[in-house]
Every structure is written in C-alpha cells, then in structure tokens.
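Residue numbering restarts at 1 for every chain, and letters A, B, ... go by the order of the sequence lines.
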Amino acid sequence: MEIWRLPISASQRGKLISAGYTSLSSLSSLSPSELARELKVSETEAMDILKAASHSRGAETSNASCSILEGAQSAWDMLHDEESLMHITTSSADLDNILGGGIHCKEVTEIGGVPGIGKTQLGMQIAVNVQIPHDFGGLGGKAIYIDTEGSFMVGRAFQIAEACIEDMSEYNRFLRKDFQECKINMKPEDILENVFYFRICSYTEQIALINYLDKFISEHKDVKVVVVDSVTFHFRQDFDDMALRTRVLSGMALKLMNLTKKFSLAVVLLNQATIKHTEAPFN
Amino acid sequence: MERFRWRHGCEEIREKDGKKDKGEYWHWGFEFLTLCFCFGSGGQLATTPAVKARLLSAALFIAGGSDHVVLVAPYEVVEPYIRPSLWALESNFQAEDELKKRRRLFSSFSISSLVKYMAPLKNLETEYPIIDPSFRKFCASHGIFSVEDFLIHDLYMLAAFAEQDISSERLKEMICISHGGMEWNCWKMLKGINMIDLLLGGGIHIGQLTELVGPSSSGKTQVCLQTASNVASNHMVLYIDTSNSFSPERIAYFLGKIIDVASAQAKNQILQKVMSNILCHSVFDIFAMFDVLHQLESHLRYQDAGGCQMRLLIVDSISLLISPVLGSSSTQGRALMLSAGYLLKKLAHQHNLAVLVINHTVGGEGGCSKPALGDSWKSIPHSRLFLSCVRGSNDYNALILKHPSMDQPLQDDTSIGSRERNFIDLGIGID
C-alpha cells in the first residue's frame, strides 16, 4: 500500500511524495486533471500514475474477481460454497425435507405460526441440535437464545438435551461401535452450558442486544445459531408510531442479515401469526 | 434585422402549492432555423417537469414560425422531460405541411450528435448501401425522412407494413445499423425476459436507470436473476444484494436452459465461465453501498478497453437500504436517497452501464399499493416498471409507469390498477 512500491519512475515518485501523497488510498479519489495540476506533470502522465496505483491495489487482493471490489464473490464460487455448507437438523425429517436439509447457515429463517403450535419447542430443539458434534453430522457449535416472552423453560430444555443424547447413542449403537467414549462425555448439563440465554423485556433492550451481538459473537467464535423467540413481541402493543416501527424492524432485519453473512451462522426468528394481515416489509 | 437579435423570454410559473418560480430561455431565429437554449432558474423547483414543460412550450410557441427548431438543453432535461413534451406539442401544432411538422422536432444533448441525429436518410446512402431508393421510398410513405424519425416510429408496426413491400429482414438490418453504427448510448439495450423487453421497447437501456416496483413475491428478483444470466454470457454483471436474495442455483438453472451443449463437461465449463462474470456483493446499510459504488467507479475509470466489460449493475432492494433512514424528523434520509440515485445515474451515463433497481410498495390511499420511497424518488429513475401477481393463479402482470420514449402517463399513481395503457399480461408462470 505504499507509493515506493509502484512501478513508476523515480522522478514521479519523488514528486508524489513531496506533494504529500504517501499511500495508495490517498490517490484513489483523485481525477487525472487534479493530479496533473498538483504534480505539475502532463495529464497523460497523471493518468498512467493513477492506473498503476489502481492496478497494484487490485493485485494485492488474492482472488481475481475480488480485484474489482473487496468482498465481492463470483456466482460460481458462491454456488460451490453453498454446496459445502452444513445444515442444522430440526429432528423432523419432513421439516428438514422442506427446508432443503435443515436450517441453512448464512441465512435468516423465519418460523411463524398461531400460538400454541410449537414454535418455542422448535427453537429450543434447534438450539440443542446445533451442538451435535461433527462425527454425528452436526455443526458442533454453540447457540444464542434470545427470549422476549419468557417462554423458555429450563426443565423442558433439559429434557430435550437428554433426548438428543439418547438419540445420538442409539445412532451410535446402530452404526459405529467404536465411538462410545465421545458420546459418554456429553451430558445434558454440557449442552445447556453451551446455550447463551438473553432475556429481553422491552424493545429498546432488543435493539441494544442486536447491536451488541456483533461484539459478542466476535468473542465467542463458535456460536453457530441465534434463535430469537418472538422477534416482534415487543413491537405489537403500545407502539404509536407505525412508521418508526417499520423503520426499526427493517433496520433490525438488515443487522441480522449482516451477522449471518459475516460470521457464517444461522439466524432463526420465531414470529406470531395473527388473523389481521398487515403487510410488514419484514422478511 | 430585428429577427437576428437574441431574444430573451421569461416565464413565471406558479406551482400548485403557491410557490413561484422563474424559468428563462433565450432564442434566436430567422426563417428556417431557431436556436433555443433552455435553463432553469436554479433552486429546487427548476427541476420539476412542470416548469420545464412550460418553458419548452413557451419557447416553441414563439419559434413557431420556423421550420427547424434546435433545442439545446442539459442532458438531465432532455431525456426525461423534453421528449414527452415534444410529443405533446406535436399533436397541438396545426401545421398544414406534414413535412414541416416532422422537421420541427429535434432534441439534442450535444451539438456534435445533432448533426448525426438530423441526418436525412439519403446522406447515409454512401455509408450504408442498404438505404437504397426503394427503401427510402418506403420510409417516405410513412413520413420518415431522417434517422430520428426512424427511431421515433413504432418499429414493430413498420415491420408489419414492411412484410408487404420488402422483406422484413432488411428492415431489421436497418434497425441494427442505426442502433449499432451511430453510437447513441440511449438506444443500446440489454435483453432480458422477452415480454418485458417488448414492454420496455427493446430491453433495458444502457445509460439509464430502470426501476422495478412491485409488492412482495411479484417476481422482481426473478426478473433480475434472469436478466443477469442472459447478460452474463457476454458482459460482466455486478449484483448488489441487500436482502440475501441472490441465489446461484437459480442462475445455474436459467443458464442451464439457455446453454445448448450435449456433453455435461462442456456445459460445466461454459457454466463456470459465464457464472464467473457475475459478481455478487452483499451490503446491509446505505453507507456500505456508497463505498461499493465509489470503488466500482474508480475501477471502471481505469479498466482496459478490451476484454469483458461491465454492462449491468443490479441493486436488489434499494428501498430496503433507504427505508430505515428515511422518514424520521431529520432530512438526512432524503438527502442520502437522492445522492444514491444521482450516483447510480452518473455511473450509468459515464461508464455505459445499465442500472436496474428494485423497489417495493407500501399501502397508499384507498387501500391500493403505491411504490415506496415517496415522491422525490419518482423523478429519479428513467423508466419504472410495475410488476404484480394475479392472486390465485400463476400469472404475472407488468405495467409501465414511466418511460422516456412513451408519452407520459397519468401524474398520480393512485389508480395503478385501472390504467389500461401500456399494460401487458405476461401470462407466464414464473417457475
């Protein structure tokens, strides 16, 4: 990123440094006529200098397609990435079938339904299933559970964890007889320890938490799923300004999508369905 | 000698909400030529279509005695406003002579392209031998005397007439020549879905900003993906994705239908080559998008002339980026929206890109939906296309809200459903 590495003549380099341009980024937003005026060289020379600067900046990034933009991927690479992504199973074969293998990482999945249909149970199951070790086909990661309604029952989660371990040992007995040790080491308490639980009591807390998640996940890199139980619970009542609600919800959605892309995790949002249809731009 | 002096005219326009604005124009004319320069008076009102249309009608009325009128106006004025105004004016003029009427209407955005635009057909005979006397006779029978006339006419209707005298192949060749050989940015198009190309008059224009509006699940992302896969075989495409809606499998599916090669390995190779031409970048807030656009601009400035050029830029859901900042008490949101719009248009015009932008709808008055982002955004895109899904069936409808080469539809958007003009029933299931 330094000027002295550019393939230009020494006199040009000297002029650049004496004019105050020491790094490539300072050259990025200049037009050739401005540079020509500053350095007192001809415009073609200025154009060549700027071209050399942009090429060397592009050559520093590793991938050929990224020389245009940092962070851009070609569609071909994305296709192959997607084929190698793992899924989180929901423990129901039919649901996994509809979802195309399970809950996808790098995606936000929303599960909605009428009250009492089993969304919270499904959320808890996903938080447990993400911890299935790699040997059994799972992700072996931790989970974040954000509870807004207070419907997370620890006793029930304990039961789900026990059932999951039993399931794994049955699978183990069925297929491979020599992995007994790793199964025994897992206890329901360990599974519960790997679920980070947050209790939210108002919408401001929710917004604050979603902003904080970025920092939290950078410290706990093995978090692989974020389950938000009833993402819209605090926005349904007592919200006077509808436009503000829409703006806040869409801002939250964007931040969650940013999280998935950045850390390669899955976000599961549980939502309630009511009889009156309001077209919220919240996907 | 009075006729040879520059005359200054000034129009005072009073807008609906009581604001006043002045528009100035200068014109100079003698018997067969009038030159008219149009300016706005600065300030926000000068950019409204009403002011500009009034200016032009005033100027042309004064210049009514001439055969040729040459208007010199900024590019921003010409494309969206002058062309429809001229069409409106043409119908008002009571010229006895058909010939005179045709030659009146010219618009230009630079003096040099003026000459090419106005060129009568017979001057082109040396360059393009296809324009022989019989062809010109055919054109003259439809009132076409210059290339401009040719492009204004409805080409499909002409082709239908052409079936009778000359073969339509020659007409199509002529279309290709006039499009390709004359270097007009605005007439080059990119092909997407057939029916939508028909609506848009050939495809998505290079150098212009096209907007796709529609309620959710009306097929906007699918249209974008299909357009990207069509264009990717020859040019590079940048897809700026804000809602995680870019799906490589879908692109592979569309390409699989187009590529017609027997062996699976060759197909894979072609697939790899084409799909490497599509770049996808995810952004989740508007400042990141500005960053991406500035990087793109500096790359495009110094890219090599040969090789694969970038020709299509798709922004999926610009409304998703802008709606969190828009509408609060500060005006920063609106300023960001407008500068995003102008930056996209500048990229399109300076670097020969076609820009396709997706917008969603919100509820309007009376329960029907209208496009999001409000009235300020309405005037920014060059063309707007409204997609909707017929409930209960697999049909999709598309409706043109605004297009530079069609006469201006109604000013308000509240009655979208009842408009019959420029409405086409796609009648295809988006599978």
Side-chain angles (χ1 to χ4, degrees), chain A residues 27-32 47-48 50-55 57-58 63-83 100 104 106-108 241-244 246-262 267 278-283, chain B residues 215-216 228-229 232 236-249 251-252 255 271-286 288 291-292 294-304 310 317 319-321 323-328 333 360-363 369 372:
Chain A
L27 284 178
S28 61
S29 51
L30 278 182
S31 74
M47 179 91 95
D48 289 333
L50 286 172
K51 232 189 213 176
S54 76
H55 279 153
R57 212 175 350 159
N63 210 349
S65 60
C66 289
S67 66
I68 299 183
L69 289 175
E70 298 158 23
Q73 263 188 312
S74 82
W76 181 252
D77 297 331
M78 283 178 77
L79 186 66
H80 284 284
D81 279 346
E82 276 193 20
E83 286 166 7
H104 289 242
K106 282 200 181 176
E107 282 187 10
V108 177
D241 191 358
M242 284 296 139
L244 176 65
T246 314
R247 262 183 281 134
V248 168
L249 282 175
S250 49
M252 238 170 43
L254 282 175
K255 287 199 196 97
L256 287 169
M257 287 198 278
N258 199 9
L259 271 181
T260 62
K261 272 273 174 328
K262 193 166 159 191
V267 172
T278 49
E279 298 269 306
F282 182 72
N283 41 348
Chain B
S216 63
S229 41
M236 289 199 76
V237 177
L238 178 61
Y239 196 103
I240 298 184
D241 187 12
T242 66
S243 49
N244 278 347
S245 48
F246 181 74
S247 153
E249 287 110 8
I251 301 262
L255 285 174
L271 207 67
Q272 175 173 13
K273 181 167 152 294
V274 172
M275 281 178 77
S276 316
N277 279 344
I278 304 180
L279 292 178
C280 175
H281 192 104
S282 300
V283 291
F284 297 106
D285 70 276
I286 191 151
D291 199 23
V292 168
H294 285 130
Q295 276 184 38
L296 179 68
E297 192 180 358
S298 62
H299 167 83
L300 286 176
R301 232 190 278 170
Y302 301 115
Q303 79 175 347
D304 314 308
M310 182 165 295
S317 261
S319 49
L320 207 61
L321 288 182
S323 19
V325 288
L326 198 63
S328 49
H360 68 274
T361 56
V362 290
S369 47

Chain A interface, residue from N277(B), L271(B), D285(B) that has the most non-hydrogen pairs under 4.5 Å: L271(B)
Atom pair OG1 (T242(B)) and CE (M257(A)), whose distance is rounded to the nearest 0.5 Å: 6.5 Å
Region of K255(A) in contact with chain B, defined by heavy-atom distances below 4.5 Å: neither
Residues N244(B) and T260(A): closest non-hydrogen pair is ND2-OG1, 4.0 Å
Over all atoms of both residues, closest heavy-atom pair of S323(B) and R247(A): O-CG, 2.9 Å
Here the gap from M78(A) atom CE to Y239(B) atom OH, rounded to the nearest 0.5 Å, amounts to 10.0 Å
Can you tell which part of I278(B) gets under 4.5 Å to a heavy atom of chain A, answering side chain, backbone, both or neither? both
If you compare all heavy atoms of L254(A) against all heavy atoms of F284(B), which two are closest, and at what distance to 0.1 Å? CD1-O, 3.5 Å
